[in-house]
2 protein chains.
Amino acid sequence: MNIGEAAQASGVNAKLIRHYESIGIIPKAARTEAGYRVYTETDVNILAFVRRARRLGFSMKEIKKLVGLWRNRTRASSDVKALALQHMKEMEQKIEELQAMVKTLRHLAKNCHGDHRPDCPILEGLADSRLNT
Amino acid sequence: MNIGEAAQASGVNAKLIRHYESIGIIPKAARTEAGYRVYTETDVNILAFVRRARRLGFSMKEIKKLVGLWRNRTRASSDVKALALQHMKEMEQKIEELQAMVKTLRHLAKNCHGDHRPDCPILEGLADSRLNT
DNA sequence: GCTTGACCTTCCAACCATTGGAAGCTCTAG
DNA sequence: CTAGAGCTTCCAATGGTTGGAAGGTCAAGC
């Protein structure tokens, strides 16, 4: 399987596959005599694994760890769980931050006429030093 | 006021102030004979405005627009409101995405022993092609 | 007046994850 | 044999910020 077919099968862009290899996320692919990368079913599984983890918002650093744990049959499930729980915590924090931002903006927008007049509580709110925090 | 004092007063890092100037977010500061940037109260207000908008998650591109509208006394409030509502919509979408990620991870983690055993539903879930979407 | 140290200047590079392009080689079909 | 699709490497850009290096300038103390 060459890189294009592996990309098709795994859902990971060919360009991205090379990038993942270059930064050590995935093992270096074997090559043909002409220098083309060659992939096995296992390689495709790893790539799909990376893609799913990425879609769940894991950073490449975290994914590197996860791939290592995945390939290691003697890993402890506690290692994986800790990584997942930590990641969940960070995402929940991010959600709270975003919700606070939306709340503030909604409050400001509520009192904005939204017409041709220049008065705008949104801008005034942004300019208000009491909003410093 | 030099850049350090302006940074102190506005809460925006001196380094970042230069950066904002270089990418045209804020107007070019006046200079002393020696080349030092000089800031007025108005400049500090703009910087603080940028900082608050940034903290509400606006992109620099959006902030560039907002600063323009803020400095323009004949702007229509509808322009600002549209920008704010669009931004809120994007943040709400992001929140939903994150919540879906957390939900999936929570589900996977629930069945993970989290001990020394290698069995781990989290990794199995990530490797499961049914999770492709 | 001279040194010291804090501040200022510019420019260049790094972070993260991805995407794009250019230039050149290799394969496959007609 | 040629066309074009696909492969190779390398370099650059995105966005927002931070860091450092190398050098000029200011204010205070001696």
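So that the names make sense, note that chain A is the first sequence line, chain B the second, and so on, each numbered from 1.
Whole-Å rounding puts the B:Ile3 CD1 to D:dC26 P distance at 16 Å. Protein atom CG of A:Asn13 is 14 Å distant from nucleotide atom C1' of D:dC7, rounded to whole Å. Atom P of nucleotide D:dG15 and atom CZ of B:Phe58 are separated by 17 Å, given to the nearest angstrom. Regarding B:Ile25, its CD1 atom lies at a distance of 9 Å from the P atom of D:dT17, rounded to whole Å. Atoms CE (A:Met1) and P (D:dG6) sit 16 Å apart, rounded to a whole Å. Following rounding to the nearest Å, B:Ile63 (CD1) and D:dG15 (P) show an atom-to-atom distance of 13 Å. Atom CD of B:Glu5 is separated from atom C1' of C:dA6 by 13 Å (rounded to the nearest Å). To the nearest angstrom, P of D:dT9 lies 13 Å from CD1 of A:Ile17.
Annotation for B:Gln99: atom CD counts as buried by contact number, over 12 foreign heavy atoms lying within 6.0 Å.
In this structure, the side chain of A:Ser77 engages the main chain of B:Gly114 through a donor-acceptor pair within 3.5 Å. In this structure, the side chain of A:His113 does not engage the main chain of A:Asp119 through any donor-acceptor pair within 3.5 Å.
For B:Lys15 against D:dG19, a side-chain-to-base donor-acceptor contact under 3.5 Å is present. Contact of B:Tyr20 with D:dG16 (side chain to base): no donor-acceptor pair of N or O atoms is detected under 3.5 Å.
When heavy atoms are screened at a 4.0 angstrom cut-off, A:Ser59 is found touching the sugar-phosphate backbone but no base atom. Among the heavy atoms of the strands lying under 4.0 Å from B:Arg37 are primed sugar atoms or P, OP1, OP2 only; no base atom is included. Nucleic acid contact for B:Arg18: base, since at least one base atom lies under 4.0 Å from a heavy atom of the residue.
Remark on DNA chain C: of its neighbouring residues A:Ala34 and A:Leu16, the 5'-side contact belongs to A:Leu16, judged by nearest-heavy-atom nucleotide. Both B:Glu33 and B:Met60 lie close to DNA chain D; mapped to their nearest nucleotides by heavy-atom distance, the more 5′-ward contact belongs to B:Met60. Two residues, A:His19 and A:Tyr36, neighbour DNA chain C, and the one matched to the more 5' nucleotide by heavy-atom proximity is A:His19.
If you check the side chains of A:Asn45 and A:Thr42, you find no donor sitting under 3.5 Å from an acceptor. For B:Gln86 and B:Glu90, the side-chain atoms include at least one donor-acceptor pair closer than 3.5 Å.
Proximity of B:Arg31 to the phosphate of D:dG24: no side-chain N or O atom is located under 4.0 Å from OP1 or OP2.
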